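Below is one structure; the comments refer to it alone.
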Amino acid sequence: MRNRIIIPEGIYAITDSKSGKNKNILDYSREILEAGVKILQYREKKKNTKEKYQEALLLRKLTREFGAVFIVNDDISIALAVEADGVHIGQDDLPIEEVRKILGEHKIIGVSTHSPEQAKKAADSGADYIGVGPIFDTETKEDVCSTVGLEYLEYVEKNLSIPYVAIGGIKTHNLNEILNVGAKRIAMVSELVGAKDTYAITKDIISSHFPLN
Ligand code: TZP
Ligand code: MG
């Protein structure tokens, strides 16, 4: 029997050392979780495996403390080693079916998608949720593909039943454009991690847009 967690609605927070500048990853992650975010993804492109493992281990502990879901970007072995709830992979990673074989039935697999074809394929291959984006311009992701705009988001909302997370350049000022389409899960990186007061902005977004979560 499958016993997989459904990814929570509301803000989907992602770590980012570039946006975080000199901030400590554990400090800003704690602020995000204290403000009420229920899912955190560890995403770190520039560190070696040992460093990533050590950070992920601490974040796993922290997310447990808050009862939040913990996802590791890219690295399936780190996800397994730290007992994360799942992984988030991209279009150039291992096929979803292979990731499922490695992780088993109970872990969450999220997949970044940029087109209806990719979304349908991810859903058919057993992904638990998809990323939909980048909706707007973003400086956070370095190898980012061109923006998909609201059109692709609308397509997913209308045509697919798989849970999805809207991502890319989503800020306080454009959040309503995404929510108006019907999106229930919103990834935010630089807006939270790069804020002067991460706790305050996160709390503010939650109380104005996701008061019931
Ligand atoms: N994937 C697509 S856009 C993106 C990722 C990881 C970065 C989004 O960051 P921001 O700062 O919310 O634009
Ligand atoms: Mg990736």
Side-chain angles (χ1 to χ4, degrees), residues 1-16 25-26 29-30 32-45 47 49-114 117-133 156-157 159-167 183-189 206 210 212-213:
M1 246 273 282
R2 272 181 162 188
N3 181 22
R4 220 177 289 159
I5 303 159
I6 294 170
I7 70 155
E9 297 186 356
I11 299 177
Y12 180 120
I14 303 178
T15 66
D16 179 42
I25 189 169
L26 281 179
S29 297
R30 178 176 283 277
I32 285 168
L33 296 166
E34 259 168 6
V37 169
K38 288 286 164 222
I39 181 162
L40 180 74
Q41 180 191 124
Y42 176 59
R43 182 174 182 274
E44 177 51 65
K45 299 288 182 185
K47 294 186 174 158
T49 302
K50 185 178 171 184
E51 288 174 303
K52 289 196 278 186
Y53 164 70
Q54 286 167 341
E55 281 188 339
L57 202 55
L58 295 172
L59 289 174
R60 167 70 287 185
K61 224 175 131 204
L62 186 69
T63 46
R64 273 221 178 98
E65 205 183 295
F66 286 89
V69 176
F70 183 52
I71 304 286
V72 171
N73 186 276
D74 285 343
D75 200 317
I76 297 161
S77 44
I78 292 178
L80 278 173
V82 306
E83 296 179 9
D85 298 304
V87 290
H88 187 92
I89 57 170
Q91 290 295 318
D92 297 329
D93 291 317
L94 275 179
I96 298 164
E97 294 85 350
E98 298 302 325
V99 179
R100 178 64 68 209
K101 277 191 218 161
I102 298 167
L103 289 183
E105 281 306 306
H106 305 311
K107 298 283 187 194
I108 299 168
I109 301 177
V111 182
S112 297
T113 69
H114 320 290
E117 294 66 38
Q118 291 176 352
K120 278 181 264 181
K121 185 154 182 252
D124 291 346
S125 308
D128 296 293
Y129 76 93
I130 54 171
V132 171
V156 174
E157 171 62 26
N159 297 287
L160 301 180
S161 56
I162 187 166
Y164 70 89
V165 180
I167 186 164
K184 301 273 186 297
R185 299 169 176 91
I186 317 288
M188 284 180 143
V189 191
I206 292 176
F210 306 105
L212 303 176
N213 289 2

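As the structure is a prediction and not an experimental result, all values here were calculated from the model.
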Rounded to the nearest 0.5 Å, what's the gap from [atom1] on [X] to [atom2] on [Y]? Could you check?
X      : Y      : atom1 : atom2 : answer
Tyr164 : Ile130 : OH    : CD1   : 9.0 Å
Glu34  : Leu62  : CD    : CG    : 8.5 Å
Asn73  : Ser112 : CG    : OG    : 7.0 Å
His88  : Asp74  : NE2   : CG    : 8.5 Å
Ile109 : Arg100 : CD1   : CZ    : 3.5 Å
Ile11  : Ile32  : CD1   : CD1   : 8.5 Å

Counting distance only, does the side-chain N/O of [X] pair as donor-acceptor with the main-chain N or O of [Y] below 3.5 Å?
X      : Y      : result
Arg60  : Glu83  : yes
His114 : Gly133 : yes
Arg64  : Ala68  : no
Asp124 : Lys121 : no
Arg185 : Gly131 : no

Non-neighbouring partners of Ala35 that pass side chain to side chain contact (heavy atoms under 4.5 Å, CB included), sequence neighbours left out: Tyr199, Thr202, Lys203

Tell me, do [X] and [Y] make a side-chain contact under 4.5 Å, heavy atoms counted?
X     : Y      : answer
Ile14 : Ile167 : yes
Leu94 : Ile102 : yes
Val69 : Thr63  : no
Tyr12 : Ile71  : yes
Tyr42 : Ile25  : yes
Lys38 : Phe210 : no

Counterpart residues, salt bridge (charged side-chain N to carboxylate O under 4.0 Å, His left out), relative to Glu51 (two or more places apart): none

Using every non-hydrogen atom in the two residues, find where [X] and [Y] come nearest and quote the distance to one decimal.
X      : Y      : value
Thr113 : Ala122 : CG2-CB, 4.2 Å
Ala56  : Ile78  : CB-CG2, 3.7 Å
Glu55  : Lys47  : OE2-NZ, 2.9 Å
Val37  : Ala13  : CG1-CB, 3.9 Å
Ala183 : Ala166 : CB-CB, 4.5 Å
Pro163 : Asp128 : CD-O, 3.4 Å

Side-chain donor-acceptor pair present, Asn159, Lys120, cut-off under 3.5 Å: no

Neighbour count above 12 (heavy atom, 6.0 Å) for Lys45 NZ: yes

Crowding at OH, Tyr53 (>12 non-hydrogen neighbours, <6.0 Å): no

Partner of Ile108 under side chain to side chain contact (heavy atoms under 4.5 Å, CB included), chosen from Ile7, Val87, Ile6: Ile7

Candidate list Leu26, Val72, Val82, Leu33, test side chain to side chain contact (heavy atoms under 4.5 Å, CB included), partner Leu59, passing option: Leu26

